[in-house]
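See below for the structure under consideration.
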Number of protein chains: 2
Amino acid sequence: MTSSPPPLDATQLGAYFALIEASSLLKHAVEQQLRDAGDLSYVQFQLLATLGDSPTGSRRMTDLADGVVYSRSGLTYQAQTLEKRGLVTRTPSSDDERSITVTISDEGRAVLAGVFPGHIAVLDDLLFAPLSRSDIETLADVLARARDHMRQTPPRSAEPRRRKKTADPS
Amino acid sequence: MTSSPPPLDATQLGAYFALIEASSLLKHAVEQQLRDAGDLSYVQFQLLATLGDSPTGSRRMTDLADGVVYSRSGLTYQAQTLEKRGLVTRTPSSDDERSITVTISDEGRAVLAGVFPGHIAVLDDLLFAPLSRSDIETLADVLARARDHMRQTPPRSAEPRRRKKTADPS
DNA sequence: GTGATGTGCTTCGGATTCGAAGCAACTGAG
DNA sequence: CTCAGTTGCTTCGAATCCGAAGCACATCAC
C-alpha cells in the first residue's frame with residue numbers, strides 16, 4: 001500500500017534500522033549500568049568522559065553541547081546537576097565574560113573511573129562480542145565517515161541562529 | 001590519568017563513539033524533518049512504520065514497546081496520543097482479555113506516506129551520501145549481527161519481571 | 001474451584017527534555 | 001563612543017519519559 005516513490009532498497013533500510021535499533025539497545029543497557037555503578041545518566045557520563053578526555057579537563061558549555069549533541073538548555077540543566085554533586089565546577093571564562101568553562105573535578109574523575117570498567121564490560125559483552133576484529137575496524141571507519149559528513153552538513157535550511165562555521169563568501 | 005585496567009583499544013572506542021554520535025546526529029535530523037512534515041515525534045514515526053510494516057497493520061502493545069525499545073508506560077502515552085489524532089485504533093484482543101491490539105488507520109497510513117519521502121531524502125543526504133554500496137552492505141550486516149546479539153542477551157542480572165523468552169530448561 | 005503467581009496495560013509522580021524568549025557581553029560600522 | 005547585530009548562557013513553560021505501584025485477566029498447581 002505504501003507506494004515507494006524515491007526508492008530505498010532493502011539493504012539501505014536494513015542498515016538504517018539496524019543502526020537505530022543497535023544504538024537504542026546499547027544505550028539502554030549502558031544506561032542501566034551507569035545508573036547502578038555511579039548514579040549517572042548517559043548524558044552525564046558523556047559529559048564527564050568528554051571533559052576527562054580534554055587535556056585541560058575543561059570545555060566551554062557550547063562546545064560540550066555540540067559534542068554530545070544536546071540542546072543548550074538541556075546542558076545548562078545537566079551542568080547544574082553535576083555541579084551540585086561536585087563532579088564539575090563552572091567558572092566564567094576570562095577572555096569572554098559570557099562564556100562559562102566547565103571543568104571536571106577530582107571527585108568527577110573518581111566517579112568516572114569507578115564507572116568505566118563496568119561500562120567497558122557492557123560494551124564487550126553486548127556490542128563487540130559477536131563482532132570480529134575486522135568488523136569492528138570497518139564499523140569504526142564507516143560510521144566515522146558518516147558522522148563527519150553529518151557534522152559538517154548544516155541542518156537542511158539553516159536555522160535563524162547559524163552555526164559557527166558559516167564562512168559564506170557571498 | 002584515567003588508568004585503563006580492562007583494555008579497550010582505540011579502534012573499539014572509535015567504533016563505539018562513532019556509533020553513538022552518528023545515531024544521535026541522524027536521529028536529531030530525522031526528528032526535525034518528521035516534525036515539519038507530519039508533526040510526528042520519532043517514536044510515533046517508528047510506531048506507525050512498525051504497524052504499517054505488519055501484514056495485518058496491527059500489533060500488541062507489548063510487542064510494539066519491545067520493537068522500538070521503549071518503556072511500557074511510555075508506549076501507553078504515545079498510543080493514546082496517536083489514538084487521539086486518529087492515526088491508530090486500540091481494541092482489546094479477543095483471545096486474551098488483557099491484551100490490547102493497536103492498528104494503524106487509513107489516516108495513519110496517509111500520514112506515514114506523506115512523511116516517508118522526506119524521511120528517505122534525509123537518510124540519503126546525511127547517512128548514505130558519504131558511503132559506498134559495499135559500505136552500506138557491511139554496515140547492515142555488522143549492525144544486524146550486533147542487534148540480534150543484544151536482542152537475545154538478557155539484560156545482565158534479569159529483572160524481577162523477566163522477559164518472555166525465558167525458556168529455562170532446568 | 002481456589003489460591004498463588006505471572007503477564008498486559010495503565011496510572012502516578014518526578015525527572016528530563018527541548019524550543020522560545022530573555023539577558024548580558026562581544027563585535028563591527030559609523 | 002554608540003548603536004545594531006551576534007553569540008553564550010539561562011529561565012520559562014510545556015511535552016515527554018521512565019520506574020514503581022496498581023489493577024485485571026490468565027495460567028498453573030493442588
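Proteins get letters first, then strands, A, B, ... in listed order; numbering begins at 1 in each.
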Examine dC9(D): is either OP1 or OP2 under 4.0 Å from a nitrogen or oxygen in the side chain of Gln80(A)? Give yes or no. no
Just by distance, do the side chain of [X] and the backbone of [Y] share a donor-acceptor pair under 3.5 Å?
X: Thr76(A); Y: Arg72(A); answer: yes
X: Ser105(B); Y: Leu87(B); answer: yes
X: Thr81(A); Y: Tyr77(A); answer: yes
X: Gln12(B); Y: Asp9(B); answer: yes
X: His149(B); Y: Asp125(A); answer: yes

Under 4.0 angstrom, heavy atoms only, what part of the nucleic acid is Ser99(A) near: base, sugar-phosphate, or nothing? sugar-phosphate
Contacts of Asp106(A) that satisfy salt bridge (Lys or Arg N to Asp or Glu O under 4.0 Å) - sequence neighbours left out: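 Asp106(A): no salt bridge (Lys or Arg N to Asp or Glu O under 4.0 Å) contacts found.
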Every protein N/O lying under 3.5 Å from an N/O of nucleotides 14-20 of chain C:
from: dT16(C); atom 1: OP2; to: Tyr77(A); atom 2: OH; distance (Å): 2.6
from: dT17(C); atom 1: OP1; to: Tyr70(A); atom 2: OH; distance (Å): 2.4
from: dT17(C); atom 1: OP2; to: Tyr70(A); atom 2: OH; distance (Å): 2.5
from: dT17(C); atom 1: OP2; to: Gln78(A); atom 2: NE2; distance (Å): 2.3
from: dT17(C); atom 1: O5'; to: Tyr70(A); atom 2: OH; distance (Å): 2.7
from: dC18(C); atom 1: OP2; to: Ser71(A); atom 2: OG; distance (Å): 2.7
from: dC18(C); atom 1: O5'; to: Ser71(A); atom 2: OG; distance (Å): 3.4
from: dG19(C); atom 1: N7; to: Ser73(A); atom 2: OG; distance (Å): 3.1
from: dG19(C); atom 1: O6; to: Ser73(A); atom 2: OG; distance (Å): 3.1

I need the [atom1]-[atom2] distance between [X] and [N], as an integer number of Å.
X: Met61(B); N: dT11(C); atom1: CE; atom2: P; answer: 10 Å
X: Leu40(B); N: dA15(D); atom1: CG; atom2: P; answer: 17 Å
X: Glu83(A); N: dT10(D); atom1: CD; atom2: C1'; answer: 13 Å
X: Leu82(B); N: dC9(C); atom1: CG; atom2: P; answer: 16 Å
X: Arg60(A); N: dT10(D); atom1: CZ; atom2: P; answer: 12 Å
X: Arg59(A); N: dG8(D); atom1: CZ; atom2: C1'; answer: 17 Å
X: Asp95(B); N: dT7(C); atom1: CG; atom2: P; answer: 16 Å
X: Arg98(A); N: dC26(C); atom1: CZ; atom2: P; answer: 6 Å

Closest to side chain of Asp96(A), choosing from dT11(C), dT10(D), dA25(C): dA25(C)
Arg60(A)/Asp96(A) ion pair, N-O < 4.0 Å: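 Judged by the 4.0 Å cut-off on N to carboxylate O distance, Arg60(A) and Asp96(A) do not form a salt bridge.
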What's touching nucleotides 1-3 of chain D from the protein side, N or O pairs under 3.5 Å?
none

Please determine whether side-chain contact (heavy atoms from CB on, under 4.5 Å) holds for the pair Leu40(B) and Leu48(B), giving the CA-CA distance in whole Å, both sets of side-chain angles, and the decisive distance to 0.1 Å. CA-CA 10 Å; Leu40(B) 290 178; Leu48(B) 290 182; 4.0 Å; yes
Mind checking whether His119(B) and Tyr42(B) have parallel, tilted or perpendicular rings, split at 30° and 60°?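 Correct class here is parallel.
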